Peer 1: 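Structure below; questions to follow.
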Protein chains: 2
Amino acid sequence: MDTKEHILASAQRLVQQRGFNGFSYADVAEEVGIRKASLHHHFASKADLGVALIESYAAQFDDALAHIDASGSKPLDKLKAYVAIYRSTLESDRICMCGMLATEVLTLDVGMLPKLARFFARNTEWLAQVLTEGKAGGTLFLEGAAADHARAAVSTLQGASLVCRSTGDLDAFDRTTALLINGFSRKG
Amino acid sequence: MDTKEHILASAQRLVQQRGFNGFSYADVAEEVGIRKASLHHHFASKADLGVALIESYAAQFDDALAHIDASGSKPLDKLKAYVAIYRSTLESDRICMCGMLATEVLTLDVGMLPKLARFFARNTEWLAQVLTEGKAGGTLFLEGAAADHARAAVSTLQGASLVCRSTGDLDAFDRTTALLINGFSRKG
DNA sequence: GTCTATAACGAGATAGAC
DNA sequence: GTCTATCTCGTTATAGAC
């Protein structure tokens, strides 16, 4: 991992744990083991770093989704795998970086906003496809538009992460996601 | 409204829009029309202000829930009224203050944390009671524990607020909450 | 590409007069 | 209860040597 990747990884973790307004170049510099000034060589401004972070994070998410697709799993198992992404994030004391940024949207550089919106659109589209596939195959059950159910599922996962964080109750997250999965597993 | 209440109202709005790490005493002072130093007379530290903000916000929420209870509405209408609280918050370009704080939890003074967790517990308990009432009366339908459904509903509302914020799509929020309400309205 | 040094500004907080 | 003045520290960012 070269320095630029090291910076991105460190900053990403800090955003996921503390928010974009909750970390500084000093935090990153200490973790990476270089001086603050050197960070500016890689990312001239914090806004530039922010844009790069979203791009990098979205690419990681796309990879994860592509990996789920490549597994050839049944739609229900794809859904479970998607939920597992959020759960493992919570386990490492983080939340979705874009969920965090979404709350801070009014304080962010405008250059970050289109990429942020794109992240949620991409997630919803992928999940809608899984749900549509499951409905067509008769293994998942939903009334109404798959896109709406997909958006609602993303919302539930983001919100459950947030609530779980304040209560420190990972078991509550599991019970919420169990209901989510269950809702698609039986005729309703 | 005396000065202390004015400060709380201004700070609350700033937290809901920008986060606890996204506003400063200078922002509040300008809005209230006093100097930064004067703020410290009312709230010695920002952490003290934070604690007072959660207490005040929780009290407002309790009032709103009590008002819904006093309306004598049917459980389904109580659920809709609860959803409407979140919607009107979004309309004024804010999100739930405690949802915002929940994401920033790792940066907050520890004195704020118990009150924050209590807010979510209180919301979940109230909603669980509404769902239980509706189930008993045969007007709402749910499988499994009402507490789990209540927690999931709170998560969905928090998450939908967050997602709506980044996409600026209030209609998407409405479609998500429609699914939520619909899920309790029909046998499943 | 990294460093030292420093600029320029804003943050939370305090002292003491009125 | 509010003010002016100030402190101390942390923030992003830049200049220029190595």
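Chain letters run A, B, ... following the sequence lines, proteins first, then strands; residues in each count from 1. Bear in mind the structure is a predicted one, so any value in this text is a computation, not a measurement.
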Peer 1: Between Q12(B) and Q16(B), do the side chains contain an N or O donor and an N or O acceptor separated by less than 3.5 Å?
Peer 2: yes
Peer 1: Is a side-chain donor-acceptor pair under 3.5 Å present for D48(A) with S45(A)?
Peer 2: yes
Peer 1: Between T156(A) and S155(B), do the side chains contain an N or O donor and an N or O acceptor separated by less than 3.5 Å?
Peer 2: no
Peer 1: Base, sugar-phosphate, or nothing for S24(A), non-hydrogen atoms under 4.0 angstrom?
Peer 2: sugar-phosphate
Peer 1: Could you check how far NE2 of H41(A) sits from P of dA15(D), rounded to whole Å?
Peer 2: 16 Å
Peer 1: Tell me the interatomic distance from H40(B), atom NE2, to dC7(D), atom P, rounded to whole angstroms.
Peer 2: 16 Å
Peer 1: What distance do H40(B) atom NE2 and L49(B) atom CG have between them, rounded to the nearest 0.5 Å?
Peer 2: 10.0 Å
Peer 1: Does the cation-pi check pass for K46(A) over F20(A), that is, NZ or CZ under 6.0 Å from the six-membered ring centre and within 45° of its axis?
Peer 2: yes
Peer 1: How many whole angstroms separate atom CD of E30(A) from atom P of dG10(D)?
Peer 2: 12 Å
Peer 1: With the 4.5 Å side-chain cut-off for hydrophobic clustering, are L79(A) and L90(A) part of the same group?
Peer 2: yes
Peer 1: Looking at F184(A), I'd like to know if the NZ or CZ of K135(A) sits under 6.0 Å from its six-membered ring centre while staying within 45 degrees of the ring's axis.
Peer 2: no
Peer 1: With F61(B), which of F119(B), F120(B), W126(B) fulfils ring pair (Phe, Tyr, Trp, His ring centres under 6.0 Å)?
Peer 2: F119(B)
Peer 1: Under 4.0 Å from any heavy atom of chain A: name the first and the last nucleotide of DNA chain C that qualifies, 5' to 3'.
Peer 2: dG1(C) to dA5(C)
Peer 1: I need the NZ-C1' distance between K46(A) and dG10(D), as an integer number of Å.
Peer 2: 12 Å
Peer 1: Under 4.0 Å between a side-chain nitrogen and a carboxylate oxygen: does that hold for R118(B) and E125(B)?
Peer 2: yes
Peer 1: Rounded to the nearest angstrom, tell me the gap between atom CZ in F20(A) and atom C1' in dT11(D).
Peer 2: 13 Å
Peer 1: Could you check which residues of residues 47-55 of chain B get a heavy atom under 4.0 Å from DNA chain C? Sort them by number, please.
Peer 2: none
Peer 1: Which whole-number value in Å describes the distance from K36(A) NZ to dG10(D) C1'?
Peer 2: 8 Å
Peer 1: Base, sugar-phosphate, or nothing for F43(B), non-hydrogen atoms under 4.0 angstrom?
Peer 2: nothing
Peer 1: To the nearest Å, give me how far apart OH (Y25(B)) and P (dT6(D)) are.
Peer 2: 22 Å
